[in-house]
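What follows is a short report on a single structure.
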Amino acid sequence: IERLTLGEGFASYRGERVALTPAEFRLLSLFVANRGETVPLADCEQVCRVRANSGNSVSVTVASLRKKLDYRFGERFFLSRRGEGYCLIK
């Protein structure tokens with residue numbers, strides 16, 4: 001089973017390098033550190049450096065990661081747990 005890995009400021013999957021913004025990298029690092037577990041929204045907001053209930057910055061960042069990973073590789077990397085958080089499954 002291939003796993004998503006992180007380099008310095010980028011992700012790698014199947015030998016392909018994926019460029020990430022600093023916010024994407026911070027959030028993805030949190031997901032990788034907690035692979036297979038739901039990361040609470042509050043933790044995601046803290047990593048994205050936003051105030052709780054200040055908007056949809058986390059969901060926008062996750063949507064960007066999905067474009068760069070899910071859609072690019074044709075596989076699902078993230079599960080959304082409505083009202084709870086997100087889970088990295090790769």
Worksheet item: Is Arg14 atom CZ crowded by more than 12 heavy atoms from other residues, nucleotides or ligands, each under 6.0 Å away?
Response: yes

Discussion item. Would you say Ser80 and Arg66 are linked by a side-chain donor-acceptor pair, where the criterion is simply a distance under 3.5 Å?
Written reply: yes

Practice prompt. Would you mind reporting whether Glu37 and Leu88 have side-chain heavy atoms less than 4.5 Å apart?
Written response: no

Worksheet item: Would you say the side-chain atoms of Arg17 and Ser12 include a donor-acceptor pair closer than 3.5 Å?
Response: no

Item to complete: Any chance you could measure Arg35, atom CZ, to Leu30, atom CG, to the nearest 0.5 Å?
Response: 12.0 Å

Worksheet entry | Partner of Phe78 by ring-ring contact (aromatic ring centres under 6.0 Å, His included), out of Tyr86, Phe31, Tyr71 | Phe31

Worksheet item: Do the non-hydrogen side-chain atoms of Thr21 and Ser64 ever get within less than 4.5 Å of each other?
Response: no

Worksheet item: Is the Phe10-Phe25 ring centre distance short of 6.0 angstrom?
Response: no

Worksheet entry | Member of Pro22, Ser57, Cys48 meeting the side chain to side chain contact (heavy atoms under 4.5 Å, CB included) criterion with Leu27 | Cys48

Worksheet item: To the nearest 0.5 Å, how far apart are CD in Glu24 and OG1 in Thr61?
Response: 7.0 Å

Item to complete: State whether the side chain of Asp43 and the backbone N or O of Val39 hold a donor-acceptor pair below 3.5 Å, judged by distance alone.
Response: no

Fill in: Sole candidate of Arg72, Glu75, Arg3, Lys68 that passes side chain to side chain donor-acceptor pair (under 3.5 Å) when paired with Tyr13
Glu75

Worksheet item: In Å and rounded to the nearest 0.5 Å, what is the NZ to CG distance from Lys90 to Leu4?
Response: 10.0 Å

